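A quick write-up on the structure given underneath.
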Protein chains: 4
Amino acid sequence: MDRYFSNKSLTQGKRERTRAALIDSAIQVIAQKGFESASIKEITQAAGLANGTFYNHFDDRESLAREAAVVVAMEMAEEIAGEVADLEDGLDKVIVSTDKIVKRAVIAEAWGHVLIGAWHYLDDFRQDIAQIMRRDLKLAKRQGSTPLSINQLLELQIIAMAIVSVTLQLKNGLNKATRIETAEAILRLLGVAPEDAKQKAKQVLSL
Amino acid sequence: MDRYFSNKSLTQGKRERTRAALIDSAIQVIAQKGFESASIKEITQAAGLANGTFYNHFDDRESLAREAAVVVAMEMAEEIAGEVADLEDGLDKVIVSTDKIVKRAVIAEAWGHVLIGAWHYLDDFRQDIAQIMRRDLKLAKRQGSTPLSINQLLELQIIAMAIVSVTLQLKNGLNKATRIETAEAILRLLGVAPEDAKQKAKQVLSL
Amino acid sequence: MDRYFSNKSLTQGKRERTRAALIDSAIQVIAQKGFESASIKEITQAAGLANGTFYNHFDDRESLAREAAVVVAMEMAEEIAGEVADLEDGLDKVIVSTDKIVKRAVIAEAWGHVLIGAWHYLDDFRQDIAQIMRRDLKLAKRQGSTPLSINQLLELQIIAMAIVSVTLQLKNGLNKATRIETAEAILRLLGVAPEDAKQKAKQVLSL
Amino acid sequence: MDRYFSNKSLTQGKRERTRAALIDSAIQVIAQKGFESASIKEITQAAGLANGTFYNHFDDRESLAREAAVVVAMEMAEEIAGEVADLEDGLDKVIVSTDKIVKRAVIAEAWGHVLIGAWHYLDDFRQDIAQIMRRDLKLAKRQGSTPLSINQLLELQIIAMAIVSVTLQLKNGLNKATRIETAEAILRLLGVAPEDAKQKAKQVLSL
DNA sequence: GATGAATGAGTATTCATTCAT
DNA sequence: AATGAATGAATACTCATTCAT
């Protein structure tokens, strides 16, 4: 035994690993079975753990779901932020980010359902997701690209545009026109004139 | 039993009545208990019927839910349409209709959850609800109030604005400012310039 | 179908039969496994019914246990009352009844454990059992055999004598001396002088 | 670590301390949660130990419960014996001891339930508790206050009087009349004439 | 000896569904 | 067509117990 590390830290490492495994597993299962149909049995089995182990780490299914949603939101936020890092215009960042979320959700269908489920069920998740937009919206505001004040309602509305877009494309298949219209809608929502929105959406999403 | 009338017509009348009773009952129970917690036992009991009777009329809960949703959507559509009948401007009709739906959903909390649940779960319901807007949107288009072409995506986006508004107000309480901002957002979505939208929203919803 | 009986009464007959079967079964299982270890699964299995059937008839295990205890108490009361019907002296009735309960409980060991379990757990059962004694005690009072006023505490004390007797004999085996001493104790409790109690107990229980 | 003392003695000291901690903890938890609801996890947690530690000291919950009951009985015996030390009459000691046990059990409600639970579940506990009375009963016998021979049955019967009294008062609230009647009953059980019992009970318990 | 993560059998309870009447 | 008793699979959750560290 390595005496430089305490028993405790070792054990905590294991604890953390198991915990993480459960969260990962939950994300997988929720993606496959939907948000409410993800049973604890299935989640633990997918993690290769015993049923009861779940309760060593979480109080109930709700707790796990919340944590899983946060993890998903955070990972997505980071990824997308990286991908739009080199864009300089706030509005561009907003519509490209949104479009990337939508594309991802439609292509990885299961994942899209998780996104929609979490959006519907979990207040926290809505907050987290909305926040992803906040920085870029404030940037756009500073750049004078929108006359609106940035608040939670506006953020939620923009994400709602994305959700509608995903819902429609999950039903009818991936569709670039729909995504461009979605971008236009977001721009109009932010106060851009329709013809300018049309032009900008087409141009930015065609890159 | 009266033998002068055919068994068939009597039975069919009864059949229809029982069917309708189940749908009504489902609406009540779903409104009280939420979408997924409405059990068949409860629905049939509320209708004063035996639980087995359900299976003489519907294949499963989903079928009933769909029919119930259609009924709700239709009733709501009629009601709202009646209430905005004397408005002449298409845009006015759209934002007043939306606002009425939102107010109703927030005040009758349970009902609001049903609305959101149905919106989330039931594709048909989304279609039906979206259609409520269609006529008014087309009117606005004819009146030259919007440069956009009216399609399903746009309809869904407008309802999504309403849903976001309801969600937020169910959490934070009824809030007129939120509802006015929602109307503004819808107007901007339809291509109205932000300052015009602001003015119009305030003016129309203050009546 | 027999048209002289309504559907309802037929069905209710079945319902009653199943209900009774569950109560019987519960008594058996409780006798074997003890009061708290009688699981619903076991009770329904012993009745040849499905797990879920239980919940068509009782709200929870507690409800069933209470009903079962009442049934046991009532049956016992009737039986014993019949057996001591030809005794004329109130005190005789009391000590013979008690002795019969004790003997029965010790011989049918499982049954003895039920008695003790129910006595310990169920307030209602204590009341029911205590009441069994009441009439005979009042008779003894009228006959001038006891100077005490008859109240619930006294009834419970007498049954407690029986319970102690059962407990000891379940451990050490059936023992007539113990039962006679128990009868003496009950008589002393009722105010009979020790030497008279000794004589009466021996004489009455030797019949 | 102090190397001047042998590991063994230290460890054994530790072993005993841990063991004692578990017993103490068990008493606390049982008093709060009741006899069957005291889980091992809760007991170990209350002792500030890991749940696995339990199995280094006891085979199962039953073992611990038994030991805990003995400790409780002994402590109570000592305490009560101290409190009645200055009484000279054996009968007085018996009814005052009993009354003190009853009062304590009714006031500290949780504790009362433990007493009853242990009395019901644990044969050893019944023996230990019965023994508390033995010395005083023998004294009463030597003083010629009772014609009865002192045996286990009699001891158990007296404690049963106390248990009935506790049960009733836990249900209906602390009640001096009930406690006096209990004392009378014990005296009658020991062969005291009803009117003498009445007078003595009242007089002794009023001090 | 102490730890505490992992285990998995066990429990109550729910509920859609079937089917004999 | 209506009934409602019976079904049994499924679910969340508990807890005594094991064992590697």
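Bear in mind that the values here come from a model prediction, so they are computed numbers and not experimental data. Per chain, numbering begins at 1; letters A, B, ... match sequence-line order. Atoms considered below: every heavy atom in the structure, side chains included; atoms not considered: hydrogens, waters and symmetry mates.
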Could you please name the option among [options] that lies closest to any side-chain atom of [X]?
| X | options | answer |
| --- | --- | --- |
| A:His57 | E:dA16, E:dA6, E:dA12 | E:dA6 |
| A:Asp60 | E:dT3, F:dC13, F:dG8 | F:dC13 |
| C:Thr53 | E:dA5, F:dA6, E:dT18 | F:dA6 |
| A:Arg15 | F:dT11, E:dA5, F:dA6 | E:dA5 |

Give a yes/no on whether any side-chain N or O of [X] is located under 4.0 angstrom from OP1 or OP2 of [N].
| X | N | result |
| --- | --- | --- |
| B:Arg61 | E:dA16 | yes |
| B:Thr18 | F:dA1 | no |
| C:Tyr55 | E:dT14 | no |

Expressed in angstrom and rounded to an integer, what is the separation of [X] atom [atom1] from [N] atom [atom2]?
| X | N | atom1 | atom2 | result |
| --- | --- | --- | --- | --- |
| A:Arg19 | E:dG4 | CZ | P | 17 Å |
| C:Gln45 | F:dA9 | CD | P | 12 Å |
| B:Glu42 | E:dC15 | CD | P | 8 Å |
| D:Lys41 | E:dT7 | NZ | P | 16 Å |
| C:Arg17 | F:dA5 | CZ | P | 12 Å |
| D:Glu36 | F:dT14 | CD | C1' | 15 Å |
| B:Phe58 | F:dA2 | CZ | P | 11 Å |
| C:Ile43 | F:dG8 | CD1 | C1' | 18 Å |

What is the pairing partner of E:dT7, taking Watson-Crick or G-U wobble pairs with both distances under 3.5 Å in any strand?
F:dA16
Could you tell me the Watson-Crick or G-U partner of F:dT21, where both distances fall under 3.5 Å? Say none if there is no partner.
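Per the H-bond distance test, E:dA2.
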Would a distance-only check, ignoring hydrogens and angles, find a side-chain to backbone donor-acceptor pair under 3.5 Å from [X] to [Y]?
| X | Y | value |
| --- | --- | --- |
| B:Arg126 | A:Thr167 | no |
| C:Thr53 | C:Ala50 | yes |
| D:Thr44 | D:Ile40 | yes |
| A:Asp60 | A:Ser63 | yes |

Reading DNA chain E from 5' onward, which residue's closest nucleotide shows up sooner: A:Gly52 or B:Asp59?
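It is A:Gly52 whose nearest nucleotide is closer to the 5' end.
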Both A:Leu49 and C:Phe54 contact DNA chain E. Which one's nearest nucleotide lies toward the 5' end?
A:Leu49
Assign the ring pair C:Tyr121 / D:His120 to parallel, tilted or perpendicular, where the plane angle (0 to 90°) is split at 30° and 60°.
perpendicular
Determine the minimum heavy-atom distance between A:Ala46 and A:Val29, stating which atoms define it.
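For A:Ala46 versus A:Val29, the nearest heavy atoms are CB-CG2, 4.0 Å.
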Is the base of F:dA5 touched by the side chain of C:Asn56 through a donor-acceptor pair closer than 3.5 angstrom?
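Such a pair does not exist between side chain and base.
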Checking only heavy atoms, does the side chain of D:Asn51 share a donor-acceptor pair with the base of E:dA5 at less than 3.5 Å?
yes
With DNA chain F as reference, determine whether A:Ser39 or D:Ile40 sits nearer its 5' end, using the nearest nucleotide of each.
A:Ser39
